[in-house]
Every structure is written in C-alpha cells, then in structure tokens.
Peer 1: 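Sending over a structure as structure tokens; questions will come in a sec.
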Amino acid sequence: MIEKMNLTYIVAAESKKNEMITALRDLGVVHISEKNSPDERLSQRFNLLQKLSLELKDYCPKDYTASEIMGFDEFEEMFEKTKKALDKKAVLLETKNQKLLELEKLRPWGNFSPNDIRKLSLKGYDFNFYKLDKNEYKKLVNNENVKFVNLAEIDKMKTVAVLGTLPNDIFAIPFPLPEKGISELQTEIDTIDAELSSIEELLKFSAMQLESYKAQILKAQNDAEYSSVRNTVTTDSGLVWLKGYIPISETEKFVSCAKGNGWAYQYETVETDDGLVPTKVKYNKLTALMQPVFDILGTVPGYGEYDISFWFLSFFTLFFAMIIGDAGYGVLFLIGAIILTVKMKKWTNATLLLTVLSIGTIVWGSLTGTWFGIEAAMKVPFLKALVIPNFANYPSYFGVDSSAAQNSVMKFCFSIGVIQLALACLMNIRRKIVTKDLSLIADVGWLLSICALYFMVLVLVINQKANLVIIGVIVGIGFLLVSLFGGMSPDKTFIEGLKSGLADMFTVFLNTISAFGNVMSYIRLFAVGMASLAIAQSFNNMSSGFSGALVIVGAVIAILGHIINIVMGFLSVVVHGVRLNLLEFSGQLGMEWSGTAYEPFKKSDKIKK
C-alpha cells in the first residue's frame with residue numbers, strides 16, 4: 001500500500017538552525033522535496049573521491065583483503081599523495097610517449113651523440129642534414145663542389161650530412177639535428193620508468209585501502225546532503241523554517257521530537273495530484289518480492305496512483321513461466337536460487353523471487369510437457385501424466401490436433417489479457433465509488449468494450465464463432481459511456497464533465513482501437529514461448545547429429561544452445577513480461593509511474609549511485 005503523507009512546516013529560532021537540522025537528520029522521517037544545491041567544495045570532494053576510488057580498482061590485486069579503515073588524518077595524507085601520484089603519472093606517461101616517438105625517429109640513424117656534431121661545428125665543420133629523393137640525390141653526386149656523407153635512408157629517402165649548405169638548384173628537406181641521441185633518450189626513459197614503478201607501488205598500496213575510501217565517500221555524501229538541507233532552510237526575522245513531507249504513520253515520532261526541541265510546526269493535507277509528494281510503498285512479505293524488480297526498473301508509482309505490487313507479482317510470475325516455458329530451465333533456476341541462498345546463508349527478496357519464478361516455470365513447463373525441448377520426455381509416464389493435453393507442445397502423444405492445441409494456448413493468453421485489463425477497470429471503479437466520481441461509468445464502458453473486443457480477437461485469430469453484431473453493439477455502448485462520462489470528476493458539474501468528455505470523442509475512438517491492440521498483444525506470450533521451444537529443439541537436433549568420439553562436441557553444442565536460449569528468454573521477460581504490466585495493465589489503470597521515491601533526510605549507511 002502507498003502510505004499517506006502530510007506536508008509539514010517546521011519553525012525554530014535562528015540560533016538553533018544547526019541543532020534543528022541535526023535533530024531532523026537523526027529523526028530520519030522528513031522528506032525534503034525541493035532542496036538547494038550543497039556547498040560546491042563538498043560536491044567536488046564527493047565526486048573526486050568517487051572518481052579516485054574507481055581508478056584505484058585497476059590497481060587492486062586479485063587476492064585483495066579489506067584493510068582496517070584509516071583515521072581521517074591518516075587517510076587525508078594518503079589521499080593527497082594518491083592525487084599527486086595520479087597527476088604525476090599522467091604527465092610522466094605523456095613525456096615518455098614523446099621520448100619514445102623521438103627515439104623511433106632517431107633509430108634509423110643509429111646510436112650517436114648530437115653533442116659530438118656540435119663540437120665539430122665549433123671547430124669549423126658546419127654539418128647540415130637533409131632528406132632528398134633519388135633525382136635530387138643524383139644532382140648532389142654530380143656536383144663536385146659539395147662535400148657530403150651518406151647516412152641511413154629514412155622513409156625510403158636518401159639522407160645525407162652536408163658540410164656547409166646545399167646549392168639552391170638541389171631541392172632537399174632539412175633534417176634538424178636532434179637535441180639528444182638514442183643513449184640519452186633511453187636513459188631518460190629508464191628514469192621515467194623507475195618513477196612510474198614507484199608511483200605504481202604507491203597506487204597499489206592506496207588501492208588496498210578501498211574500504212577507507214568507501215567510508216570517506218559515504219561521509220562526503222552525508223556532509224553534502226546536510227549542506228544541501230542547510231542551504232534550503234529559510235531565514236528571516238530571527239527564525240528559520242523548513243517544509244517537508246512526513247508519513248502519517250510517523251506523525252507521533254515527529255511530534256515528540258518537535259516538542260522536545262521546542263519547534264513550532266504545522267500540518268497540511270496534501271492533494272493526490274501534487275507532483276512533489278513522495279511515494280512510500282509499504283510492502284508486506286509477499287509483495288516485497290517485487291521490490292528488486294522495481295529497483296532495477298527504477299519505477300515508482302505516483303502518490304495518487306495504485307500500489308500494484310501484488311498484481312504485478314502474480315501476473316509477472318505467470319508471464320515469466322510462459323515466456324521461458326521450459327520446466328527443465330525452471331529446475332536449473334531453482335537449483336541456482338538454492339545455491340545462492342546457501343552461499344549468502346539467508347533468503348533475500350531476490351532469491352525468494354527467483355524461487356517463485358522457478359516454481360512457476362516448472363509448473364507451466366510440466367503442464368505443456370516441455371523439458372529442455374526434448375520430445376522423448378513424453379515417453380516418461382510420470383512427466384506425461386502432468387500434461388494438460390490441450391496445452392501440450394507435443395499434442396500427438398495425447399491424440400490432440402496440433403492446431404487445436406495451439407489455439408487453446410492462444411485463447412488462454414487472450415483470456416489472461418482480458419482478465420488483467422478487466423481487473424484494471426474494476427480497480428478504477430472501486431476507487432471512484434469511494435470518491436463519488438461519476439467517471440466510474442466510463443470505466444464500466446471500458447470494461448464492456450474490453451470484454452467484447454476479447455471475443456472479436458478470438459474470431460479473428462482462432463476462428464471461434466461469435467455474433468459480431470452483438471460484439472459491435474457492446475463496443476458501441478462502451479464507446480458512448482466513455483465519451484459521455486470520461487470527462488467527469490468530483491470538481492466539475494455534470495454539464496462541464498459532459499462537455500469535456502464529448503470534446504475527447506476522437507481520442508476515445510483511437511483508444512478503443514488501442515484497447516483491441518492491447519488484448520491482441522497478449523499473444524506475445526504464446527509466440528515467444530513457441531520461439532523458445534523451437535530454439536531448444538533446433539540445438540537438440542544439431543547435437544544429436546554427432547556420434548562416437550564427437551558426442552562431446554554435440555553435448556557442448558546442446559549446452560551452449562540452451563544457455564543462449566535462457567539468456568534470450570530473460571531478455572524476452574524484460575521486453576514482454578514487464579511491458580504487459582507496465583504498459584497494458586498500468587495504462588488501463590491510468591498509471592504513469594511518475595512518482596518520486598520517499599527518501600527521508602537522514603544519515604545514510606550506503607553510497608547512493
């Protein structure tokens with residue numbers, strides 16, 4: 001369920017500002033929705049610590065053992081050294097790369113000392129170096145007035161050392177004398193490597209202190225949060241005040257704290273359509289299983305929307321089972337859930353959810369007779385006895401026509417769809433009865449239309465007989481009810497609501513067509529399940545073609561094939577199984593999943609992503 005909230009104003013003396021903020025943080029129940037930015041230095045420290053800790057992970061040895069958390073002063077000393085070391089490493093690497101490039105350019109010349117050439121220049125031997133092509137080189141050879149020495153070719157061009165300068169009629173590219181020779185450059189590179197090695201040792205030591213980094217990141221995060229709230233507090237005439245949202249269930253706890261600290265406070269009832277009101281979903285032991293999925297998806301219902309955790313779990317389990325579709329895979333998932341539980345020495349919501357999904361998959365796979373896509377499984381009496389003949393993936397073993405079996409499964413898929421969408425209509429009707437909202441009649445219209453469209457889908461897809469005239473009449477009645485009452489609300493007069501609804505008639509028409517598509521979209525459960533079976537069978541057939549010594553190759557192909565199929569199945573669950581809940585079902589409920597999670601101001605014990 002979604003807990004009710006109150007908007008609360010808190011007032012204290014200006015001299016008690018910091019005490020008020022600290023007390024609110026210790027209380028940990030007030031959600032402050034419109035916070036100012038924290039002090040820049042705190043944000044920078046938090047970002048720098050996170051960046052540094054990520055870089056240091058590359059230096060952490062595989063056999064890393066967590067060290068004791070350092071004291072603040074000791075950490076700061078190491079932190080500063082690490083920052084400087086990383087900066088210096090970047091400079092040294094750039095310098096080394098430049099010297100390596102110079103080294104490569106000089107390597108064709110061999111190992112010589114530019115200083116020796118400079119000494120010759122001081123004695124009157126002015127050597128200049130040039131690169132030139134073969135034609136220009138011939139001119140040089142034929143010119144008896146030019147004295148030169150041949151050097152090693154560079155880039156397939158002749159290279160010469162000329163005493164003096166070349167005549168103007170010989171075109172050549174000057175080759176400047178390098179500052180340093182190969183030996184000098186190599187010595188400098190070796191020195192840089194020694195410095196880099198020293199830096200690497202420091203960084204490895206720093207990387208061993210990742211627990212200390214995590215502690216400091218958490219502290220910086222909490223300091224930044226505190227600073228943000230401090231900057232949000234309004235000050236005027238010797239008073240400070242702050243507004244935030246408090247769950248009604250926490251009211252007594254807050255009042256006790258306010259009285260103990262001498263604060264003035266006032267409550268206001270919040271509107272359900274107020275976008276600033278945070279959403280606090282209170283899970284029970286069953287619905288908490290869906291929390292990991294909601295966390296991964298990052299979905300939060302709006303404050304005035306529904307908590308559909310129970311229905312999401314129920315339908316998601318069924319969708320997962322039908323999409324994966326194989327009892328053998330379900331057994332593997334169940335074994336995996338048990339291993340994870342033993343390893344962690346406790347059940348978590350994630351492992352419990354995996355267990356539920358595994359059992360659901362085993363049940364559905366058993367009912368359809370699917371065990372790793374192996375047809376021979378139907379020759380096992382016990383496994384065959386578990387199958388519902390009209391749902392069988394190998395209907396010939398039960399004397400059922402394959403088309404009839406497929407039609408039965410498709411009809412089951414459409415039935416799930418109409419049940420889920422009809423449930424959404426009934427949930428809307430129930431809520432609107434309480435609020436005396438006349439638009440509930442529009443939801444009755446949607447309920448009629450969806451049920452009628454279900455029979456139309458059966459006519460079109462599996463050729464089931466139905467009276468299309470009656471279906472058309474019911475859809476028409478539903479369309480009129482939605483058009484006439486869809487604009488009604490408690491804050492409008494009947495005439496205003498009527499005008500609003502009629503103005504949206506074209507939109508209602510398009511939504512009616514969309515409702516047909518929504519019912520039809522549940523066929524994806526059948527289609528994806530059949531695709532998964534076909535893939536499993538294909539890999540089984542490929543592997544069965546190997547015999548003798550190549551049996552191992554066949555086994556590897558089968559195993560890899562089933563792994564690929566399982567991965568694709570999980571992706572299909574995300575694409576299709578989640579979609580049916582978040583789009584079709586939620587859309588019929590009118591949910592936008594635009595809520596803001598309730599995050600009370602408190603000292604956090606984990607780093608936020």
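Residue numbers run from 1 in the order of the sequence given.
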Peer 1: Quick one: salt bridge (Lys or Arg N to Asp or Glu O under 4.0 Å) partners of Lys139, sequence neighbours excluded?
Peer 2: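 With neighbours one apart ignored, the set is Glu136.
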Peer 1: Working note: Val300 + Tyr598, criterion side-chain contact (heavy atoms from CB on, under 4.5 Å); need CA distance, chi angles, decisive distance, verdict.
Peer 2: CA-CA 10 Å; Val300 180; Tyr598 168 71; over 6 Å; no
Peer 1: Using side-chain contact (heavy atoms from CB on, under 4.5 Å) as the criterion, list what pairs up with Glu592, not counting sequence neighbours.
Peer 2: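 If we apply the side-chain contact (heavy atoms from CB on, under 4.5 Å) test to Glu592, skipping adjacent residues, the hits are Glu305, Ser594.
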Peer 1: For residues 566-573, which side-chain N or O atoms pair as donor and acceptor with protein atoms under 3.5 Å away, sequence neighbours left out?
Peer 2:
unit_1	atom_1	unit_2	atom_2	d
Ser572	OG	Met568	O	2.9

Peer 1: Any side-chain heavy atom of Leu525 sitting closer than 4.5 Å to one from Ile323?
Peer 2: yes
Peer 1: For Ile374, give me all partners under side-chain contact (heavy atoms from CB on, under 4.5 Å), at least two apart in sequence or on another chain.
Peer 2: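 Expected list: Phe372, Ala376, Asn540.
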Peer 1: Are there more than 12 heavy atoms of other residues, nucleotides or ligands under 6.0 Å from atom NZ of Lys16?
Peer 2: no
Peer 1: Within the distance-only criterion (no hydrogens, no angle test), does the side chain of Ser228 pair as donor or acceptor with the backbone N or O of Asn36 below 3.5 angstrom?
Peer 2: yes
Peer 1: Quick one: closest heavy-atom pair of Leu210 and Cys60, and the distance?
Peer 2: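 Looking at all heavy atoms of both residues, the closest pair is CD1-SG, 4.1 Å.
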Peer 1: Check the side chains of Ser521 and Glu584 for a donor-acceptor pair under 3.5 angstrom, ignoring hydrogens and angles.
Peer 2: yes
Peer 1: State the OH-CG distance between Tyr59 and Leu202, to the nearest 0.5 angstrom.
Peer 2: 10.5 Å
Peer 1: Going by heavy atoms in the side chains, are Ser604 and Glu225 under 4.5 Å from each other?
Peer 2: no
Peer 1: Over all heavy atoms of both residues, which pair between Ala224 and Pro38 is shortest? Give the atoms and the distance, please.
Peer 2: O-CB, 3.1 Å
Peer 1: Between NZ of Lys83 and CG of Leu49, what distance do you get to the nearest 0.5 Å?
Peer 2: 8.5 Å
Peer 1: Is any NZ, NE, NH1 or NH2 atom of the basic residue among Lys81 and Glu77 found under 4.0 Å from an Asp or Glu carboxylate oxygen of the other?
Peer 2: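 Salt bridge present between Lys81 and Glu77.
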Peer 1: Taking the side chain as everything from C-beta on, heavy atoms only, tell me whether Arg45 gets closer than 4.5 Å to Gln216.
Peer 2: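 Contact flag for Arg45/Gln216 side chains = yes.
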Peer 1: Return each pair, listed once, that meets side chain to side chain donor-acceptor pair (under 3.5 Å) where at least one residue sits in residues 345-360; pairs must be two or more places apart or across chains.
Peer 2: Thr348-Thr351
Peer 1: Check this for me: does any side-chain nitrogen of one of Glu211 and Lys214 sit under 4.0 Å from a carboxylate oxygen of the other?
Peer 2: yes
Peer 1: For the backbone of Gln50 and the side chain of Ser53, can you confirm whether one donor and one acceptor N or O come within less than 3.5 Å of each other?
Peer 2: yes
Peer 1: Rounded to the nearest 0.5 Å, how far does OH of Tyr245 lie from CG of Asp274?
Peer 2: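 Answer rounded to 0.5 Å: 4.0 Å.
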Peer 1: Side chain of Asp133, backbone of Asn135: donor and acceptor closer than 3.5 Å?
Peer 2: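 Yes: the side chain of Asp133 pairs with the backbone of Asn135.
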Peer 1: Of all residues at least two apart in sequence or in a different chain, which pass the side chain to side chain donor-acceptor pair (under 3.5 Å) check with Glu201?
Peer 2: none
Peer 1: Identify, with sequence neighbours excluded, every residue that meets side-chain contact (heavy atoms from CB on, under 4.5 Å) alongside Leu560.
Peer 2: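 If we apply the side-chain contact (heavy atoms from CB on, under 4.5 Å) test to Leu560, skipping adjacent residues, the hits are Val556.
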Peer 1: Would Phe294 and Phe312 count as a close aromatic pair, with their ring centres under 6.0 Å?
Peer 2: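 Under 6.0 Å, so yes.
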Peer 1: Surrounding CD1 of Ile552 (heavy atoms of other residues, nucleotides or ligands, distance under 6.0 Å), is the total greater than 12?
Peer 2: no
Peer 1: Would you say the side chain of Trp593 lies within less than 4.5 Å of the side chain of Pro301, judging by non-hydrogen atoms?
Peer 2: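 In short, these two side chains touch, coming nearer than 4.5 Å.
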Peer 1: Does a side-chain N-to-carboxylate-O contact under 4.0 Å join Asp223 and Lys219?
Peer 2: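 So Asp223 pairs with Lys219 through a salt bridge.
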Peer 1: Just to verify, what does Glu200 make a salt bridge (Lys or Arg N to Asp or Glu O under 4.0 Å) with, not counting sequence neighbours?
Peer 2: Lys89
Peer 1: Take Thr370 and Tyr329 through the side-chain contact (heavy atoms from CB on, under 4.5 Å) test and state the conclusion after the steps.
Peer 2: CA-CA 10 Å; Thr370 314; Tyr329 295 167; over 6 Å; no
Peer 1: Could you give me the CA-CA distance, side-chain angles and deciding distance for Glu55 and Lys51, then say whether side-chain contact (heavy atoms from CB on, under 4.5 Å) is met?
Peer 2: CA-CA 6 Å; Glu55 289 184 44; Lys51 179 184 175 184; 3.3 Å; yes
Peer 1: Show me the side-chain donor-acceptor pairs of residues 26-34 shorter than 3.5 Å, one per line, residues at least two apart or across chains.
Peer 2:
unit_1	atom_1	unit_2	atom_2	d
His31	ND1	Glu599	N	2.9
His31	ND1	Glu599	O	3.3

Peer 1: Between the side chains of Thr82 and Ser206, does any donor sit under 3.5 Å from an acceptor?
Peer 2: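 There is such a pair (donor and acceptor under 3.5 Å, judged by atom type) between the side chains of Thr82 and Ser206.
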Peer 1: Do the non-hydrogen side-chain atoms of Phe333 and Leu357 ever get within less than 4.5 Å of each other?
Peer 2: no
Peer 1: Identify, with sequence neighbours excluded, every residue that meets salt bridge (Lys or Arg N to Asp or Glu O under 4.0 Å) alongside Glu40.
Peer 2: none
Peer 1: In the structure I gave you, are the side-chain heavy atoms of Ile21 and Phe601 within less than 4.5 Å of one another anywhere?
Peer 2: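 Yes; the side chains approach each other to less than 4.5 Å.
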Peer 1: Would a 4.5 Å heavy-atom cut-off, applied to side chains only, mark Ile557 and Phe539 as touching?
Peer 2: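 Side-chain contact under 4.5 Å: yes.
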Peer 1: For the atom pair CE (Met290) and OG1 (Thr287), what is the distance rounded to the nearest 0.5 Å?
Peer 2: 10.0 Å
Peer 1: Which distance, rounded to the nearest 0.5 Å, do you find between the CG of Leu352 and the CG of Leu340?
Peer 2: 11.5 Å
Peer 1: Quick one: do the Gln186 and Asp190 side chains pair a donor with an acceptor below 3.5 Å?
Peer 2: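 Checked: Gln186/Asp190 side chains pair up, N/O donor to acceptor below 3.5 Å.
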Peer 1: Looking at Ser198 and Ala194, would you say the former's side chain and the latter's main chain have a donor-acceptor pair under 3.5 Å?
Peer 2: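 Not at all, since once roles are kept as given, no pair shorter than 3.5 Å links the two residues.
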Peer 1: Test side-chain contact (heavy atoms from CB on, under 4.5 Å) on Met208 and Lys204; report intermediate values, then the result.
Peer 2: CA-CA 6 Å; Met208 296 287 285; Lys204 285 178 182 178; 5.8 Å; no
Peer 1: Which pair of non-hydrogen atoms, one from Gly373 and one from Leu533, has the smallest distance, and what is that distance?
Peer 2: CA-CD1, 4.0 Å
Peer 1: Measure the CG-CD distance between Leu100 and Glu104 for me, rounded to the nearest 0.5 Å.
Peer 2: 7.5 Å
Peer 1: For the pair Asn565 (side chain) and Ile535 (backbone), establish whether a donor and an acceptor sit closer than 3.5 Å, ignoring hydrogens and angles.
Peer 2: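 Pair absent, no side-chain N/O of Asn565 close to backbone of Ile535.
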Peer 1: Looking only at non-hydrogen atoms, find the nearest pair between Gly330 and Ile362 and report the distance.
Peer 2: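 Here Gly330 and Ile362 meet closest at C-CG1, 3.6 Å.
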Peer 1: Mind checking what makes side chain to side chain donor-acceptor pair (under 3.5 Å) contact with Tyr303, not counting sequence neighbours?
Peer 2: none
Peer 1: Search all heavy atoms of Leu196 against all heavy atoms of Leu92 and return the closest pair with its distance.
Peer 2: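 Result for this residue pair: CD2-CB, 3.9 Å.
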Peer 1: Hey, does Ser586 have a side-chain heavy atom less than 4.5 Å from the side chain of Ile308?
Peer 2: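 In contact.
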Peer 1: Over all heavy atoms of both residues, which pair between Ser309 and Val281 is shortest? Give the atoms and the distance, please.
Peer 2: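 Shortest heavy-atom contact: OG-CG1, 4.3 Å.
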Peer 1: Sort and list the pairs that fulfil ring-ring contact (aromatic ring centres under 6.0 Å, His included) and have at least one residue in residues 209-235, not counting sequence neighbours.
Peer 2: Phe75-Tyr213
